[in-house]
Amino acid sequence: MKISILDQAPISSGYSPKEALEASVQLAQSAERLGYTRYWIAEHHDLFGFACSAPEIMLSYIGAKTKKIRIGAGAILLPHYKPYKIAESFNMLATLFPGRVDLGIGRAPGGSAEASMALSDNFLEGVRKMPDKVMELLQFLYNHFPEDHMFAKISASPLPAISPEPWLLGTSRKSALMAAESGTAYAFGQFMSEKDGEDIIKQYRENFIERGIIQKPKVILTVSAICADSTQEAEELALSSMLWKIRAESREGNEGIPSIEEAKNYFRSLDMEPFNNRHRVIIGNPKEVAEQLKDMKQRYQADEIMIVTIVHRYEDRLRSYELIAKELIK
């Protein structure tokens, strides 16, 4: 079973952004050793708790520290940027790390309205132009501009022997149809969606148009999972993530991912049930987590499962991925 990692480069309370990014490098190296298919890192801007604002920079460092695992962005937020610059950056990565580079493309802002203005002046206009931006990016990646197009005379150099593999990321039918019409692979973010992912992925497969990028539909299902040696331990680890989500949604504090003890005290003081949104997170021992991941892969008809894990201690995050790998990677 193919499994991969989505890393949001979380900053835990008591740790620095540098330590968070160093933990990301260690995670990628461990993922390679354990047999994970891909390691992707996300893009966020001035968003508390996340360390990576420039995936292309981090990927150049991680690529140099690994040997064979596929590396990619999950995702580059295209409304903020010109397609030409993104094509140049990822062609350069693909030149340095042949046959290993994925280019995940998203349309979320990745931060506050102020951060979006600082990045691109008019983010909503970038979203409106997203289909055109995606097509232009693909044309730069594959040199597919018509001869009479003004960009036919330029290339997104350096041109790699093997182009980056483009993926469209999303959580809606609209993103699925855009991926289908573009002829790209599709990654559905189940971990941040309340929508019917099974139907959305079905729409992608049914509407897929082959455009010379991939020959048939290809799907990654991204899920949130926390695994430990026992179910009780996994549930304790998950408390940090639960509290962090509450604070992020209410924009409270900026201390990063809280410790287990801090989370316990918080939920105890308010007599609150921490697992109200447990349906969005897989929590358990190795066999429990593995069975749920297998079931989701089959139900969603996904080709691959990508896992995002948010806990306080980076050692516990590594351990979670190790336990899952032992169950699913043969």
request  = Please state whether the rings of Tyr204 and Phe208 are parallel, tilted or perpendicular, taking 30° and 60° as the class boundaries.
outcome  = perpendicular

task = Group every Ile, Leu, Val, Met, Phe, Trp and Tyr by side-chain heavy-atom contacts under 4.5 Å, then state whether Val289 and Met1 land in the same group.
result = yes

query = Just by distance, with hydrogens left out, do Glu288 and Thr231 show a side-chain donor and acceptor under 3.5 Å apart?
reply = yes

key: Lys330, NZ atom: more than 12 neighbouring heavy atoms under 6.0 Å   = yes

request  = Just do the salt bridge (charged side-chain N to carboxylate O under 4.0 Å, His left out) check on Arg319 and Asp229 with the steps written out, would you?
outcome  = CA-CA 9 Å; Arg319 179 64 175 162; Asp229 290 289; 2.9 Å; yes

Sub-6.0 Å ring centroid separation between Trp167 and Phe90 = no

ask   = Roughly how far apart are Arg38 CZ and Ile3 CD1, rounded to 0.5 Å?
value = 12.5 Å

ask   = Would Tyr36 and Glu32 satisfy side chain to side chain donor-acceptor pair (under 3.5 Å), going step by step from the backbone distance to the final call?
value = CA-CA 6 Å; Tyr36 279 87; Glu32 180 171 77; over 6 Å; no

request  = Kindly determine whether Glu304 and Ser4 satisfy side chain to side chain donor-acceptor pair (under 3.5 Å), including the steps that lead there.
outcome  = CA-CA 7 Å; Glu304 189 174 323; Ser4 295; 2.5 Å; yes

message = Please determine whether side chain to side chain donor-acceptor pair (under 3.5 Å) holds for the pair Trp40 and Asp7, giving the CA-CA distance in whole Å, both sets of side-chain angles, and the decisive distance to 0.1 Å.
response = CA-CA 6 Å; Trp40 286 1; Asp7 181 10; over 6 Å; no

ask   = What is the ring orientation for Tyr15 with His312, classed by angle as parallel under 30°, tilted 30 to 60°, or perpendicular over 60°?
value = perpendicular

note = In short, Asp303 meets Pro217 closest at the heavy-atom pair OD2-O, 4.1 Å

task = Decide salt bridge (charged side-chain N to carboxylate O under 4.0 Å, His left out) for Lys216 and Glu210; before the verdict, give the C-alpha distance in whole Å, the side-chain angles of both, and the deciding distance to 0.1 Å.
result = CA-CA 7 Å; Lys216 61 181 181 179; Glu210 198 277 311; over 6 Å; no

ask   = Is any side-chain N of the basic residue among Glu165 and Lys218 closer than 4.0 Å to the acidic one's carboxylate O?
value = yes

query = Is a side-chain N or O of Arg100 found less than 3.5 angstrom from the main chain of Ile69, in a donor-acceptor match?
reply = yes

key: Polar side chain donor-acceptor pair, Tyr266 to Glu262, under 3.5 angstrom   = no

ask   = Minimum heavy-atom separation for Ala75 to Leu169, with atom names?
value = CB-CD2, 3.6 Å

request  = Verify, without hydrogens or angle tests, whether Thr309 (side chain) and Ile226 (backbone) share a donor-acceptor contact under 3.5 angstrom.
outcome  = no

request  = In sequence, state the C-alpha distance, the side-chain angles, and the governing distance for Glu322 and Lys326, and then conclude on salt bridge (charged side-chain N to carboxylate O under 4.0 Å, His left out).
outcome  = CA-CA 6 Å; Glu322 286 173 357; Lys326 287 178 181 178; 5.6 Å; no

Distance-minimising heavy-atom pair for Pro109 and Ser116 = CB-OG, 3.5 Å

ask   = Does Arg70 use its side chain to pair, donor to acceptor, with the backbone of Val101 at less than 3.5 Å?
value = yes

ask   = Okay, side chain of Glu181, backbone of Met178: is any donor-acceptor separation there less than 3.5 Å?
value = no

request  = Count the heavy atoms of every other residue, nucleotide or ligand shown that sit under 6.0 Å from CD of Glu22, and state whether that count exceeds 12.
outcome  = yes

inquiry  = To check you understand the geometry: which heavy-atom pair defines the closest contact between Pro160 and Pro158, and what is its length?
reply    = CD-O, 3.3 Å

request  = Answer yes or no: is there a side-chain heavy-atom contact under 4.5 Å between His44 and Ser53?
outcome  = no

request  = Any pair with a residue in residues 104-124 that passes ring-ring contact (aromatic ring centres under 6.0 Å, His included), sequence neighbours left out, goes on the list, sorted by first then second residue, please.
outcome  = His80-Phe123

ask   = Do Glu43 and His45 have a side chain donor and acceptor closer than 3.5 Å?
value = yes

task = Output, in order, the C-alpha distance, side-chain angles, deciding distance and verdict of salt bridge (charged side-chain N to carboxylate O under 4.0 Å, His left out) for Lys133 and Glu136.
result = CA-CA 5 Å; Lys133 282 176 170 274; Glu136 186 175 306; over 6 Å; no

Under the side-chain hydrogen bond (donor to acceptor under 3.5 Å, both in side chains) test, residues paired with Tyr142 that sit two or more places apart = none

inquiry  = Under a 3.5 Å distance rule, please check whether Ser120 uses its side chain to pair with a backbone N or O of Asn122 as donor and acceptor.
reply    = no

request  = To the nearest 0.5 Å, tell me how far Lys174 NZ sits from Thr171 OG1.
outcome  = 12.0 Å

message = Testing Ile282, Leu6, Leu221 one by one against Phe191 for a side-chain contact (heavy atoms from CB on, under 4.5 Å), which residue passes?
response = Leu6

